[in-house]
Amino acid sequence: MTTRDKKTTAAPATHDGPAQDRQAPAGLELGYARVSTKKQDLTRQLDALAAAGIPDERIFVDKRTGANTERDGWKRLLAYVRPGDTITASNLDRLGRNMRECLNIVHDLTEEDIGVRTLSDPFPIDTRDDSPMAQIAVAMLALFAQMERTFMLERAAGARAALEARGGSPGRPRKLSDDALRAAKAAVNSGMDVDAVAKLHGVSRATLYRYLAELEAEQLLAEAATLDDDQDHDPDGERRTA
């Protein structure tokens, strides 16, 4: 047992990762789990990492809120990981906002001799595996990333054009708050009558449709912007190389 293991095995399973004064040798399996909101549950991801043999004290987690884009757990992981280690996640999309960013992260980590492994993807990846099938899995994911970017940009352009044709524009002031509009969208998607939803929120049917179109356009444009930002990617922090 290493000095670091002696320090951490008695600690509660907070999933904050080990202390940064690392004394263990390289070659560790480290886990990462993430959900987008505090209401979502990490249990499935944590169970998968535990089943893969990764102890609680080597798992880093993030529970991000809509207003907070910082990923403190990911930053702690990048500060702790060393060449020769492997980062394991249940799915590749836990590492980034979209497939393109995930592949950028995989590339950067691989360049530093840090492995990446996923457990539950349709094409599970393991960058330590140099077999033909493993290389095909990464190539397929790269293809999906390019398709994702192309489709997202096309949808964003289409949403903007459709919205402008109806006299709307993304970001303009609305009578409904974002939370109220999201609630209205959920009600419509669940099958509730549009007129009833509009009346409930004090707007006309036409206004509600325009607001929903604006919301969709804003979401698509925001996602498209993140794809463009990833052309000059920064994987959420710098790793300590000492």
Side-chain angles (χ1 to χ4, degrees), residues 2-5 7-24 26-121 125 127 178 219 222-223 225-227 229-230 232-242:
T2 66
T3 303
R4 183 176 61 76
D5 287 330
K7 287 183 179 180
T8 59
T9 50
T14 60
H15 299 112
D16 288 332
Q20 295 303 308
D21 56 340
R22 175 167 172 169
Q23 300 179 39
L28 294 180
E29 288 272 354
L30 306 173
Y32 180 68
R34 177 179 66 86
V35 291
S36 299
T37 72
K38 291 186 176 180
K39 293 182 180 180
Q40 292 177 314
D41 191 6
L42 284 163
T43 302
R44 182 184 63 81
Q45 296 179 54
L46 296 177
D47 286 349
L49 293 172
I54 302 174
D56 287 337
E57 65 269 17
R58 294 182 191 167
I59 295 175
F60 299 74
V61 305
D62 278 308
K63 276 196 171 186
R64 195 182 69 183
T65 65
N68 179 19
T69 59
E70 295 296 319
R71 293 201 289 161
D72 293 335
W74 179 249
K75 289 181 178 179
R76 287 193 300 271
L77 173 56
L78 292 183
Y80 187 79
V81 69
R82 296 291 183 274
D85 292 346
T86 298
I87 295 173
T88 299
S90 62
N91 299 84
L92 187 62
D93 64 6
R94 299 301 83 200
L95 302 187
R97 296 167 295 179
N98 51 63
M99 188 63 71
R100 189 178 190 86
E101 182 183 43
C102 290
L103 287 171
N104 286 337
I105 290 172
V106 169
H107 175 269
D108 289 349
L109 292 172
T110 302
E111 287 290 300
E112 297 187 27
D113 192 28
I114 296 168
V116 176
R117 181 167 68 113
T118 67
L119 303 174
S120 305
D121 280 319
I125 68 169
T127 59
D178 288 346
Q219 292 172 339
E223 292 177 17
T226 66
L227 291 174
D229 289 344
D230 288 339
D232 300 312
H233 64 279
D234 174 10
D236 284 331
E238 297 180 354
R239 272 181 297 289
R240 186 164 57 85
T241 57

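Keep in mind that the numbers below use all heavy atoms, side chains included, and drop hydrogens, waters and symmetry copies.
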Enquirer: Are the side chain of T118 and the backbone of I125 linked by a donor-acceptor contact shorter than 3.5 Å?
Expert: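 Between the backbone of I125 and the side chain of T118 there is a qualifying donor-acceptor contact (under 3.5 Å).
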
Enquirer: For the residue pair T127 and G115, what are the closest heavy atoms and their distance?
Expert: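 That closest heavy-atom pairing would be OG1-CA, 3.3 Å.
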
Enquirer: I would like to know whether V116 and L95 meet side-chain contact (heavy atoms from CB on, under 4.5 Å); could you show each step before the answer?
Expert: CA-CA 10 Å; V116 176; L95 302 187; 4.0 Å; yes

Enquirer: L92 versus V106: any side-chain heavy-atom pair under 4.5 Å?
Expert: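 Side-chain contact under 4.5 Å: yes.
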
Enquirer: Once rounded to the nearest 0.5 Å, what's the spacing between atom CD of E112 and atom CG of D85?
Expert: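 Between E112 CD and D85 CG, I get 11.5 Å after rounding to 0.5 Å.
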
Enquirer: Does D113 have any salt bridge (charged side-chain N to carboxylate O under 4.0 Å, His left out) partners at least two apart in sequence or in another chain, and if so, which?
Expert: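 D113 satisfies salt bridge (charged side-chain N to carboxylate O under 4.0 Å, His left out) with R128 only.
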
Enquirer: Applying side chain to side chain contact (heavy atoms under 4.5 Å, CB included), name anything that partners A33, two or more places apart in sequence or on another chain.
Expert: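 Listed in chain order: L42, Q45, L46, L49, V61.
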
Enquirer: So W74 and I105, side-chain contact (heavy atoms from CB on, under 4.5 Å) or not? Walk me through it.
Expert: CA-CA 12 Å; W74 179 249; I105 290 172; 3.6 Å; yes

Enquirer: Do you know the tightest heavy-atom contact between P55 and G53?
Expert: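 Looking at all heavy atoms of both residues, the closest pair is CD-O, 3.5 Å.
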
Enquirer: Within the distance-only criterion (no hydrogens, no angle test), does the side chain of R34 pair as donor or acceptor with the backbone N or O of R94 below 3.5 angstrom?
Expert: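 Indeed, once roles are kept as given, a pair shorter than 3.5 Å links the two residues.
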
Enquirer: Roughly how far, to the nearest 0.5 Å, is the CZ atom of R76 from the CG atom of L78?
Expert: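 CZ of R76 is found 11.0 Å from CG of L78.
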
Enquirer: Passes side-chain contact (heavy atoms from CB on, under 4.5 Å), D121 versus N91? Steps please.
Expert: CA-CA 5 Å; D121 280 319; N91 299 84; 3.2 Å; yes

Enquirer: Identify the two heavy atoms, one from Y32 and one from G73, that lie closest to each other, and give their separation to 0.1 Å.
Expert: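 Taking Y32 first and G73 second, the nearest heavy atoms are CE1-C, 4.2 Å.
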
Enquirer: Measure the spacing between CD1 of I87 and CG of L28 and express it to the nearest 0.5 Å.
Expert: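 That separation rounds to 11.5 Å.
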
Enquirer: Look up atom CD1 in I54 and atom OG1 in T88, then write down how far apart they are to the nearest 0.5 Å.
Expert: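 Nearest 0.5 Å value for the CD1-OG1 distance: 4.0 Å.
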
Enquirer: Indicate the atoms forming the closest heavy-atom contact of C102 with G96, along with that distance.
Expert: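 So the two residues come closest at SG-N, 3.4 Å.
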
